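Only a predicted model underlies this, so the values are computations on that prediction, with no experimental measurement involved. For ligands, and for the atoms within them, numbers begin at 1 and follow the listed sequence.
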Amino acid sequence: MAVRGNFSSKLGFIAAAAGSAVGLGNIWGFPYEAGAGGGAIFVLVYLFFCFALCFPVMLTELAIGRKSGRNAVGAFNALGHRKWNFIGKLGVLSGVLILSFYNVIAGWAFGYTFEMAAGNFAITESFRAYTTDIFAVGGYGLMFMICTAFIVSKGVSAGIEKAAKILMPLLIVMMLSLIIYALFLPNAMAGIKFFLLPDFTKLNLSVVFNAMGQAFFSLSLGMGTFITYGSYINKKDNLVTSAALITLTDVGIAIIAGLMIFPLIGFVSGGTLSGVGRGPELIFVTLPYIFGEIGGSAGSIVGMAFFSLLCFAALTSTVSLLEVPVAYVVDEFKMSRKKAAWLMSGIVYLIGIPSLLGNGYSAYFSEFITYVNATTSTDFLNFIVNVANDSFLPLGGSLMVFFAAHIWKKQNLDAEIAIGFEGYQDSFIRKYLHFVIPFLLPATLFIIFAMIVLVTFFGF
Ligand code: PHE
């Protein structure tokens, strides 16, 4: 058996797990989703999902991981339910697919760091030209993937944990400084109001679905990230407080990202907030403009600071995305960690090439597919987002919870959570788990999965 490794301390585990959760999803995804979803109302629904639905899923994943001491697939075998390991295989596949496009976006952010350093704020007018410059963005993506592979190849404590312990505090300090800066700009308040005061007339089903998808993705759930990380933790740790800390950090950073970006949008738009719903480009187009307004070397410094923190956040997430397939190959096929890390990242990079090309460079991948009843086509990158993030993650989450409640059995889940948590038997959290896990939670997640598939792909 190849050496598996362990986190060296509870803090190390929390840093790595929070590092997985905090990523592009928080700083790039959350603000644009909130912007498109009507602001504070989206935030409210998102918060509800994070705590009410996602938290129990995280706990379940951690318990399965720690009990089995195996990767996302092997965990099911180790618990004696080999037939159910297809859930883990779906997770490994999701991880590979998500990382393939995630790395492309991380590559853009990485490249932007240099653009900002060079004072090239005019990039705002030509985001498409930037993503079409295939050798540049492909090269940045490759460098990013190499960093990820390098960290994963170093192993759990010397690589993943160490990187997270350095990168996470740095990220928080940088974000807080940017907020302070943003809050003093003219019209900052217009942005803050949009972000914090809910307008209930904007609540609709698509807000609910998007908030759900965002919560799942942002917390790294449904693909076995926390089964894998859970397999490296200490038996004595309290899983409930760990999951709570990870969730709070992730949600906290998303809110901080909002507090940083919406005042900036208020400022650029002169208080009208026009362009707030522009979608995935929000960060790549709106922000450089602001850095350009600041101008000169100050603009460069703030711009560089922002995009490098985005890269740091992305890096601890790409590491966890790669770790899921790597742990699988290391445990199940007895490959060395080093070899597995480089091999897997190579494969993932290749799978990501159509996503790279589908942003203006290749017409075929840019207009890859037109779903039933859709008026516009979807590019390859967003097609993978729809398949892996929007569909596979809630499906995986639903299956895992169903498995834990009915196949592995609630009592076993309870027994694992109780280790390291005195008083669990009489706790509120146990009652809540027993309330949601048998039926409500898996059914809700499955319905959300089914509706997303019907609405997105079949135009219902
Ligand atoms: N949670 C990460 C983010 O918000 C993305 C991620 C998803 C990482 C799934 C691991 C697993 O950016």
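Inspection of the Asn234 and Asn6 side chains reveals no N or O donor paired with an N or O acceptor under 3.5 Å. In this structure, a donor-acceptor pair under 3.5 Å is absent between the side chains of Lys165 and Thr316. There is no side-chain donor-acceptor pair under 3.5 Å between Glu323 and Tyr328. Defined by atom type and a distance below 3.5 Å, a donor-acceptor pair is present between the side-chain atoms of Tyr371 and Asn386.
At least one N or O atom of Gly25 sits closer than 3.5 Å to an N or O atom of ligand 1. Distances between N or O atoms of Ala21 and those of ligand 1 include at least one value under 3.5 Å. When only interatomic distances are considered, the shortest N/O to N/O separation between Leu321 and ligand 1 does not fall below 3.5 Å. Polar contact with ligand 1: absent for Ser320 (N/O pair, distance under 3.5 Å). In terms of N/O distances under 3.5 Å, ligand 1 is not approached by Leu219.
Ring pair Trp84/Phe403 is tilted by interplanar angle, where 30° to 60° counts as tilted.
Ligand 1 places these atoms under 4.0 Å from at least one heavy atom of Met223: 9 (C), 11 (C). Taking every non-hydrogen atom of Leu24 and a distance limit under 4.0 Å, the qualifying atoms of ligand 1 come out as 12 (O). Numbered from 1 in the order shown, with element, the atoms of ligand 1 that lie under 4.0 Å from a heavy atom of Gly23 read 3 (C), 4 (O), 12 (O).
Using a cutoff of 4.0 Å between basic side-chain nitrogens and carboxylate oxygens, Lys89 and Glu332 are not scored as salt-bridged. Classification of Lys235 and Glu416 as a salt-bridged pair holds, one side-chain N sitting under 4.0 Å from a carboxylate O.
Of the protein's non-hydrogen atoms, Phe217 O, 3.4 Å is the one closest to atom 7 (C) of ligand 1.
Note on ligand 1: Tyr102 sits in its first shell, one or more heavy atoms being nearer than 4.0 Å.
Counting only non-hydrogen atoms, the option in Gly19, Ala18, Ser20 that gets closest to atom 2 (C) of ligand 1 is Ser20. Of the options Ser317, Ser94, Ser220, the smallest heavy-atom separation from atom 9 (C) of ligand 1 is shown by Ser220.
Across Leu282, Leu287, Ile290, a single residue satisfies side-chain contact (heavy atoms from CB on, under 4.5 Å) together with Ile265, and that is Leu282.
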